[in-house]
Protein chains: 2
Amino acid sequence: MNVNSAFAIIAEPNRRAILGLLAQSERSVGDIERALRMPQPSVSKHLRVLREAGFVEARIDAQRRLYRIRPEPLREVDAWLAPFRRFWSAHLDALERHLDRMEEAPRRRKGRKR
Amino acid sequence: MNVNSAFAIIAEPNRRAILGLLAQSERSVGDIERALRMPQPSVSKHLRVLREAGFVEARIDAQRRLYRIRPEPLREVDAWLAPFRRFWSAHLDALERHLDRMEEAPRRRKGRKR
DNA sequence: TCATTATATACTACTATAGGTATATGCCCG
DNA sequence: CGGGCATATACCTATAGTAGTATATAATGA
């Protein structure tokens, strides 16, 4: 599987973790390294992949590079999801009512499926 | 990379194509095979991966299996995107004008003005 | 029953990628 | 200018996953 589509890029859990961090704020490589407890070369390599795929961009601050999100590729993913949303948004109201009822109702049986 | 997360499953382009088809309607293996011009074993194998990951379920109709979408795993993906939406929703109006010009919108988003 | 259609699985080979380790590059400051 | 910090890259290895081919299973209808 080639890492060329946005989907392949975010298939890697560490990269998703990095993106999750950067969603909060700009961070240096060292910040990420410490926050995620990953070896530095690993962080740099994942950042390279993310950068080349357009998910992040770097800004130089002395010896550090501050990385931040670039949203475009994630928007692609979001767009791809569009045709599927009807599977849940259509029934969202009914589902919400259902969940509301379950939450407030006393438990009648345990071990519900799914 | 283990194919255990929803993200790894949809990293494979053929699987996304299959899901795209099934988003429209239930289909048999043969339908998919013809629509996507893929070898039948390949279709079956991808469907197996999708099924075991909860993206699709099969219903038996004589010798055929009719596959259809199960939305849960895709909702996970949708949920993961939440923290990133602020990066583009702020500029959504401009984005929509842009998209209107590029592709055309098959479905108008409701209540969004420009 | 047999032939045919529909789908699944087994097996092999290839390739891409992630992790680990070592080292290189580059910048700052004393 | 040299030492130390921050980051990047090169190299190697292991492994997961896909495609391809052949074959198995199962249901149908003649």
Side-chain angles (χ1 to χ4, degrees), chain A residues 1-22 25-70 73 77, chain B residues 1-22 25-70 73 77:
Chain A
M1 170 187 324
N2 274 345
V3 178
N4 40 22
S5 85
F7 296 89
I9 303 286
I10 62 173
E12 217 290 323
N14 293 307
R15 285 197 286 266
R16 286 201 303 281
I18 291 174
L19 289 173
L21 268 185
L22 297 182
S25 68
E26 198 177 54
R27 315 237 177 181
S28 73
V29 177
D31 290 341
I32 299 170
E33 177 189 349
R34 285 180 294 275
L36 302 182
R37 299 233 190 100
M38 305 176 53
Q40 175 268 317
S42 185
V43 175
S44 282
K45 280 188 282 186
H46 283 305
L47 282 171
R48 160 123 103 145
V49 173
L50 289 168
R51 183 162 19 93
E52 289 178 346
F55 284 78
V56 303
E57 65 189 345
R59 167 168 88 81
I60 297 187
D61 169 51
Q63 326 92 311
R64 2 198 132 177
R65 272 108 178 123
L66 297 180
Y67 282 86
R68 63 167 167 255
I69 294 285
R70 288 195 47 187
V77 176
Chain B
M1 169 185 328
N2 274 345
V3 178
N4 42 20
S5 86
F7 297 90
I9 303 286
I10 60 173
E12 216 291 323
N14 293 308
R15 285 197 287 266
R16 287 200 303 281
I18 291 175
L19 290 174
L21 267 186
L22 296 182
S25 68
E26 198 179 54
R27 315 236 178 181
S28 72
V29 177
D31 290 342
I32 298 170
E33 177 188 349
R34 285 181 294 275
L36 302 182
R37 301 235 189 96
M38 302 176 54
Q40 175 269 318
S42 185
V43 175
S44 282
K45 280 187 285 185
H46 284 304
L47 281 171
R48 160 123 102 143
V49 174
L50 289 169
R51 184 164 17 94
E52 289 177 347
F55 284 78
V56 302
E57 65 189 345
R59 168 168 87 82
I60 296 185
D61 170 51
Q63 327 92 310
R64 358 199 135 174
R65 272 109 179 120
L66 297 180
Y67 282 87
R68 64 167 165 253
I69 293 286
R70 288 195 48 188
V77 175

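Order of the sequence lines fixes the chain letters, A, B, ..., with proteins taken first and strands second; residue numbering starts at 1 for each chain.
Side chains of A/Leu36 and A/Asn14 form no contact here, defined as non-hydrogen atoms less than 4.5 Å apart. Residues B/Val77 and A/Ile10 fail the side-chain proximity criterion, which asks for heavy atoms closer than 4.5 Å.
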If a protein heavy atom is under 4.0 Å from the base, mark B; if only from the sugar-phosphate, S; if neither, -; do that for nucleotides 23-30 of chain C going 5' to 3'. ----BS--
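Residues meeting the salt bridge (charged side-chain N to carboxylate O under 4.0 Å, His left out) test with A/Arg27, sequence neighbours left out: none. For the side chain to side chain contact (heavy atoms under 4.5 Å, CB included) test, residues two or more places apart in sequence or in another chain that qualify with B/Gln40 are B/Val29, B/Glu33, B/Ser44.
Neither OP1 nor OP2 of D/dA6 sits under 4.0 Å from any side-chain N or O of A/Tyr67. Close to C/dA8, at under 4.0 Å from its OP1 or OP2, lies no side-chain N or O of B/Arg48. Taking only side-chain nitrogens and oxygens, B/His46 comes nearer than 4.0 Å to OP1 or OP2 of D/dA19. Between B/Ser44 and C/dT7, a side-chain N or O to OP1/OP2 separation shorter than 4.0 Å is absent.
With rounding to whole Å, B/Leu66 atom CG is found 15 Å from D/dA27 atom P. Between the CD1 atom of A/Ile9 and the C1' atom of C/dT17 there is a distance of 11 Å, rounded to whole Å. Across the protein-nucleic acid pair, B/Asn14 atom CG and D/dG17 atom P stand 16 Å apart, rounded to whole Å. If you take CD of B/Glu12 and C1' of C/dT17, they are 15 Å apart, rounded to a whole angstrom. Regarding A/Arg64, its CZ atom lies at a distance of 18 Å from the P atom of D/dG4, rounded to whole Å. The distance from atom CG of B/Asp31 to atom C1' of C/dT5 is 14 Å, rounded to the nearest whole Å. Spacing between atom CD of A/Glu52 and atom P of D/dA8 amounts to 12 Å, rounded to whole angstrom units.
Legend: salt bridge (Lys or Arg N to Asp or Glu O under 4.0 Å) pairs involving residues 39-50 of chain B, not counting sequence neighbours, sorted by first then second residue: B/Arg48-B/Glu52.
Evaluation of atom-type donor-acceptor distances gives a pair under 3.5 Å for the side chain of A/Lys45 against the base of C/dG20.
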N/O donor to acceptor pairs below 3.5 angstrom from side-chain atoms of residues 61-68 of chain B, sequence neighbours left out:
{"unit_1": "B/Arg68", "atom_1": "NE", "unit_2": "B/Glu57", "atom_2": "OE2", "d": "2.9"}
{"unit_1": "B/Arg68", "atom_1": "NH1", "unit_2": "B/Glu26", "atom_2": "OE2", "d": "3.2"}

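Closest to the side chain of A/Arg51, from the set C/dA8, C/dG19, D/dA8, is D/dA8.
The side-chain tip of B/Arg16 points at the ring of A/Phe7 from less than 6.0 angstrom away and within 45° of straight on.
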